[in-house]
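Heavy atoms only: backbone and side chains are in, while hydrogens, waters and symmetry mates are out.
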Amino acid sequence: MADDAEAAAESGGGGDSGVGACERGVAPIKAQYRTTKERFHQYLDTDKREDVCQETSIGDPDGSDPAEPEAKRIRLEDGQENGKTEAAAEPHEQQQVPKRARGQNKSRPHVKPTHYDKERLCPSLLQESATCAFGDRCRFLHDVGRYLETKPADLGPRCVLFDTFGRCPYSVTCRFAGAHLGPEGQNLVQEEVVARCVSLPLVRNGLNRALQQQLRKRQVCFERAEQALRRLTQGPAPVVVSETAVATVTPEQNSCHAQLDTAGGVSTPCGSPVSTCGALTDEDIIRLRPCEKKRLDISGKLYLAPLTTCGNLPFRRICKRFGADVTCGEMAVCTNLLQGQMSEWALLKRHPCEDIFGVQLEGAFPDTMTKCAELLNRTIDVDFVDINVGCPIDLVYKKGGGCALMNRSAKFQQIVRGVNEVLDVPLTVKMRTGVQERVSLAHRLLPELRDWGVALVTLHGRSREQRYTRLADWPYIEQCAKVASPMPLFGNGDILSFEDANCAMQTGVAGVMIARGALLKPWLFTEIKEQRHWDISSSERLDILRDFTHYGLEHWGSDTQGVERTRRFLLEWLSFLCRYVPVGLLERLPQRINERPPYYLGRDHLETLMASQQAADWIRISEMLLGPVPPGFVFLPKHKANAYK
């Protein structure tokens, strides 16, 4: 019990007067449901296969701390694998002070979905009346019979794409091909369903091949961005841009340029010199003024945070179904967008159900951020653009982006003013309280952001150093809301129930942004709007996961690559979902986000399985929805547990 008390005390806040000292930082589960680590795994192992990916389990296998779930600690050897200096400590010190799980699993195995589909069929065979442009040099298979011999068995009798759209574009490569292949191997089509889907809106903000080639060859002209940067830096007179340097655009892009030039873009040709000072010009009159921009009126609405890795389009569709009002794409790096990377542009895609949608940009320099903003302004459809000033990871921070911008006020100002000048939609900023734990900077920056033209700021109530090891500082958010007025300020941090949201709104913020709370329970939006606790059953939670897999197959595809990519994102999400404790099992409501769940047996086997914090059990759940994993499949979540200290 002394060890349990020490571990609970180290886990930090969230204590309640009705909870004993040894239970501080632990979710208060009713006594009849609580169990030990050994009994928990014994219960799950009754129908578990012996060969289920034992190497993917996380945590300390020796079971030295029965009160701590395995996913909350990592093996001492991980310090050596990650190349950390803590591994050089003395052996007896390592045994006395076990290493806590924190940060990212940087040494996790990176296996791309293409690894499980080595014998791939040439895409030209899947397209009607298409010929392979590579001929004999093509590295893919052209023999359908040989491909079918090596293709794994189908994963199910029904294809989501065939049922939804009337036609599956993956044909014989689909892992559910039996649902839409005829007796002679032809791809069947449901004409009525196809005709009905023609009038439906499609996913927007894709990257076409022509624009991608122009970006890769650096043939895109960024005149508005260059003019804005010259005004900000007060540089020399602009030089004439030769016509040979101007990119050739497709008819779609031409119409987009024409629309921008009429509504608020640059009215002069791209190759002509433009004076930036002196007498009044047509540009000064036609260009959209800040006061004429469309206002972002989302006060009181529920804002789903931009979540890296887990905040993908299928997950956002789940949250929209449960009542999220505002959604934002995952953080996109501006340099990758300017290079035409398809994987980065995929983060900007917008589903038709996302009625209020924005994208988040990350960058460290005014030129790349301003050019990227101009590019997005004329190529994608969004309601706002958000600048990331809160990312704490070293990869971003050491390059001067994310939280580092809070200490680089000159560059920060140029980025905000430059991006705001080239955008025709409102500009927002998401930031933390500061970089260092005891040095808050947000209250100093908020008045400047208001003067620079920012439409809305979201403040996460933690510093970069804190990460998630402390409770969010809502009193400081309340102070910042007064300083930022009349600019609306959204608060973010530790919202896991409607009581938490109500307390947050009492601080005077314009609204709340929900991040980890949506990962733990996406139905949180429904609870907030209906002001109730939802004791959701395990079967209902499994239905949510099934809908996610359907959305994932629609988004990433139903071939082997699409199925395994969907599985990966599902497993990443399950690493958060396992922390949820059902309402009917709690002694005290609500569950706090910093309270780790102890070992407990649910009201049925599925509820207990969903509470497991071993990756092998998450894989079992994924196999219920997506079939068996490929041979040699391994999974380790991107983030380690660091939320309960």
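- Contact annotation: the side chain of Trp345 approaches that of Leu211 to within less than 4.5 Å [non-hydrogen atoms, C-beta and beyond].
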inquiry  = Determine whether Phe322 and Leu302 satisfy the following criterion, side chain to side chain contact (heavy atoms under 4.5 Å, CB included), listing intermediate values before the conclusion.
reply    = CA-CA 11 Å; Phe322 283 112; Leu302 297 179; over 6 Å; no

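- Qualifying ring-ring contact (aromatic ring centres under 6.0 Å, His included) partners for Phe569, counting only residues two or more places apart in sequence or in other chains: Trp556.
- Residues Leu571 and Ile621 are not in side-chain contact: their nearest non-hydrogen atoms beyond the backbone lie 4.5 Å or more apart.
- Arg204 places no side-chain N or O within donor-acceptor distance of the main-chain N or O of Ile380, the cut-off being under 3.5 Å.
- In this structure, the side chain of Glu623 engages the main chain of Val629 through a donor-acceptor pair within 3.5 Å.
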Derivation of the side chain to side chain contact (heavy atoms under 4.5 Å, CB included) call for Val429 and Trp452 = CA-CA 11 Å; Val429 172; Trp452 297 341; over 6 Å; no

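- Distance alone, capped at 3.5 Å, is enough to place a donor-acceptor pair between the Glu344 side chain and the Val333 backbone.
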task = Start with the C-alpha distance between Asp163 and Val193, add both sets of side-chain angles, then the distance that settles side chain to side chain contact (heavy atoms under 4.5 Å, CB included), and finish with yes or no.
result = CA-CA 8 Å; Asp163 294 341; Val193 180; over 6 Å; no

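- The two atoms that bring Tyr170 and Leu126 nearest to each other are O-CD2, 3.8 Å, heavy atoms only.
- Contact detail for Arg567 and Ser622: the closest heavy-atom pair is NH1-OG, 3.2 Å.
- Closest heavy-atom contact between Trp618 and Pro637: CZ3-CG, 4.1 Å.
- Between the Asn187 side chain and the Pro169 main chain, no donor and acceptor come within less than 3.5 Å of each other.
- Two residues are said to be in side-chain contact when any heavy atoms from C-beta on lie closer than 4.5 Å; Tyr551 and Leu313 fail this criterion.
- Taking CG of Leu347 as the start and CG of Leu337 as the end, the distance is 7.5 Å to the nearest 0.5 Å.
- One distance of note links OG of Ser409 with CG of Leu445; it measures 8.0 Å at 0.5 Å rounding.
- To the nearest 0.5 angstrom, Leu427 atom CG is 7.5 Å from Asp386 atom CG.
- Separating the CG atom in Asn312 from the NE2 atom in His555 is a distance of 7.0 Å, to the nearest 0.5 Å.
- When all heavy atoms of Ala518 and Leu524 are compared, the pair lying nearest together is N-CD2, 4.5 Å.
- Geometrically, Arg350 does not engage Phe357 in a cation-pi contact defined by less than 6.0 Å to the ring centre and at most 45° from the axis.
- With rounding to the nearest 0.5 angstrom, the OG1 atom of Thr428 is 10.5 Å from the CG atom of Asn388.
- Put simply, the side chain of Gln212 gets close to the backbone of Gly340: a donor and an acceptor are under 3.5 Å apart.
- The number of heavy atoms from other shown groups lying within 6.0 Å of CZ (Arg417) does not exceed 12.
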request  = Kindly indicate, with the supporting measurements, whether the criterion side chain to side chain donor-acceptor pair (under 3.5 Å) is fulfilled by Thr309 and Glu572.
outcome  = CA-CA 8 Å; Thr309 304; Glu572 291 284 358; over 6 Å; no

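- Both tests pass for Arg408 against the ring of Phe365: distance under 6.0 Å to the centre and angle within 45° of the axis.
- Between the side chain of Asp383 and the backbone N or O of Gly358 there is no donor-acceptor pair closer than 3.5 Å.
- A donor-acceptor distance shorter than 3.5 angstrom exists from the side chain of Arg464 to the backbone of Pro392, with no hydrogens or angles considered.
- Taking CG of Leu520 as the reference point, atom CG of Leu577 lies at 7.0 Å (rounded to 0.5 Å).
- At a threshold of 4.5 Å between non-hydrogen side-chain atoms, the residues Cys334 and Met369 count as touching.
- When all heavy atoms of Leu232 and Gln414 are compared, the pair lying nearest together is CD1-O, 3.4 Å.
- Taking both residues in full, the closest heavy atoms of Ala179 and Cys159 are given as CB-N, 3.7 Å, listed atom of the first, atom of the second, then distance.
- Contact of the Val385 side chain with the Val425 side chain is registered, since non-hydrogen atoms from C-beta on lie closer than 4.5 Å.
- Taking 4.0 Å as the cut-off between side-chain N and carboxylate O, Asp355 and Lys320 count as a salt-bridged pair.
- In this structure, the side chains of Arg317 and Glu554 come closer than 4.5 Å at one or more pairs of heavy atoms.
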request  = Step by step, work out the side chain to side chain contact (heavy atoms under 4.5 Å, CB included) result for Phe315 and Cys310.
outcome  = CA-CA 7 Å; Phe315 176 77; Cys310 291; 5.6 Å; no

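- Using a 4.5 Å heavy-atom threshold, the side chains of Val326 and Phe384 count as touching.
- Under the 3.5 Å distance criterion, the side-chain polar atoms of Arg432 are left unmatched by any main-chain donor or acceptor of His460.
- Other residues, nucleotides and ligands place more than 12 heavy atoms under 6.0 Å from the CZ atom of Phe140.
- For Asn336 (side chain) and Gln341 (main-chain N/O), no donor-acceptor pair under 3.5 Å exists by modelled atom type.
- Using a 4.5 Å heavy-atom cutoff, the side chains of Ile298 and Asp325 are not in contact.
- The backbone N or O of Ala225 sits less than 3.5 Å from a side-chain atom of Glu374, completing a donor-acceptor pair.
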